[in-house]
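FYI, side chains are in, hydrogens and waters are out, and symmetry mates aren't considered; it's all heavy atoms of this structure. Convention: sequence-line order gives letters A, B, ...; per-chain numbering from 1.
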Protein chains: 2
Amino acid sequence: MRNIKLVIEYDGSRYQGWQRLKTNDQTVQGKIETVISKMLEQDIQIIGSGRTDAGTHAKGQIANFHTDSNMTLQEMHKYINNYLPQDIVVKKVSEAAERFHSRYNTTGKKYTYYIWNHCIPSAFNRKYSVHIEENLDIELMKEAVKKLVGTHDFIGFSSLKKMKKSTVRTIEQINITKEGHMVKVDFIGDGFLYNMIRIIMGTLVEIGTKEKDIFCIDKVFETKTRAYAGKTLPAQGLFLEEVYY
Amino acid sequence: MRNIKLVIEYDGSRYQGWQRLKTNDQTVQGKIETVISKMLEQDIQIIGSGRTDAGTHAKGQIANFHTDSNMTLQEMHKYINNYLPQDIVVKKVSEAAERFHSRYNTTGKKYTYYIWNHCIPSAFNRKYSVHIEENLDIELMKEAVKKLVGTHDFIGFSSLKKMKKSTVRTIEQINITKEGHMVKVDFIGDGFLYNMIRIIMGTLVEIGTKEKDIFCIDKVFETKTRAYAGKTLPAQGLFLEEVYY
């Protein structure tokens, strides 16, 4: 059996997220599986590196699937992009090692969150960022970020209820940069809990507007309580940039 | 009477262009006039710096209108952006001189055309560029551009039939830059004929792929014949960047 690996880019605006649903499927996984199954004339299930929420985008989602087809990689690549809707693009098709598994083998991920920080909204960035009118204190946000980097139990920064599995994660880097009116926040870590980046972003924004002080972060870690963190920012500002193996 | 000047940004994807139509209006001008007329409780017509085609975008379209309302600029700005659809944004509202006219007073315009030049399409740039798979010879295109800059009769690079009015225009600058897979072509000139930039772009692309040689440009100028120029590239790659007065 061949194991085929895909690098996928998608504009999540029109989709209910990555993971296939049973009914009324308007998911990225569903769209791709439909095209590949038709192409190979067999029922194909693809394994993604992880879910993304409804509205979240990806520039480097990874997935793999098994097949005994002898179609060339080039033929597959051409066919898939030809039949996928234009807002989903397979950037690369390659042969992976037999035991490669897109989800189990990840060692880390990079996400980026975009904030359009200006009193006037943007006609072009509206679907790819969240609009925050109030001026953000970037220096204060950079101070706050230092408290988040490292290994912590992030349960208070997630939408999870009490979990049996570990909710300890390591964030290796958070970088905040501003270009024009766009604030870009990069996250690199070994894994992220459900809604974790969007809640961290909500907290950072409330720190940047001085609704919260930076010590609220310590409070969330100490008490493991979601209520001390900021609001969950919308999915549309979030991009899965890269998956590491 | 006050003369109010607007700087307008719009994602042209959903619109039939700038200029208002009589029926089934889905135009940028129409949307803005409806909002302003409601705001001022009087029938307002706005004067744009010029038309843009269906699907063409703008980052700095200029328009003006007259009113005797005593609403403040700030109140107007807030109201207008609040009621416009999200893909049209008024970036600035200001008081113009009594005789200022958005169309008659222009001294020049800047447009940009974007080409996504890669074998794989882009999920994010699909509405804001044209996708050309074949590798473009940028150096050759830069050579060709030298023949276009200056004062010429551009009738052969337009969709106009024989005109009574002059079709002589001056292009001051054309700059081609490439960043990653995106080729960006800036045009600055005193004015552009109907479809002129899109036809010039089609010609430059055919030169870049070597379907045409650069002397076709001389031929278009000499014969004033559209047929020697390249195809008209789609509107979606074109942005009106700035209007000069």
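- You'll find the side chain of A:Val243 stays beyond 4.5 Å of the side chain of A:Val7, heavy atoms only.
- Counting only heavy atoms from C-beta outward, the side chains of B:Ile132 and B:Val183 never approach each other to under 4.5 Å.
- Of the inter-residue distances, the one linking B:Ile199 atom CD1 with B:Leu204 atom CG reads 12.0 Å to the nearest 0.5 angstrom.
- Two residues are said to be in side-chain contact when any heavy atoms from C-beta on lie closer than 4.5 Å; B:Phe65 and B:Leu6 meet this criterion.
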At a 3.5 Å cut-off, give me the donor-acceptor pairs between chain A and chain B, one pair per line with the distance.
residue: A:Glu9; atom: OE2; partner: B:Ala123; partner atom: N; Å: 2.7
residue: A:Asp11; atom: OD2; partner: B:Arg126; partner atom: NH1; Å: 3.4
residue: A:Ala123; atom: N; partner: B:Glu9; partner atom: OE2; Å: 2.7
residue: A:Arg126; atom: NH1; partner: B:Asp11; partner atom: OD2; Å: 3.4

**OP:** Starting from the C-alpha separation in whole Å, work towards a yes-or-no answer on side-chain contact (heavy atoms from CB on, under 4.5 Å) for B:Ile62 and B:Ile8.
**Re:** CA-CA 6 Å; B:Ile62 302 292; B:Ile8 307 155; over 6 Å; no
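- When all heavy atoms of B:Ala235 and B:Ala54 are compared, the closest pair comes out as CB-O, 3.1 Å.
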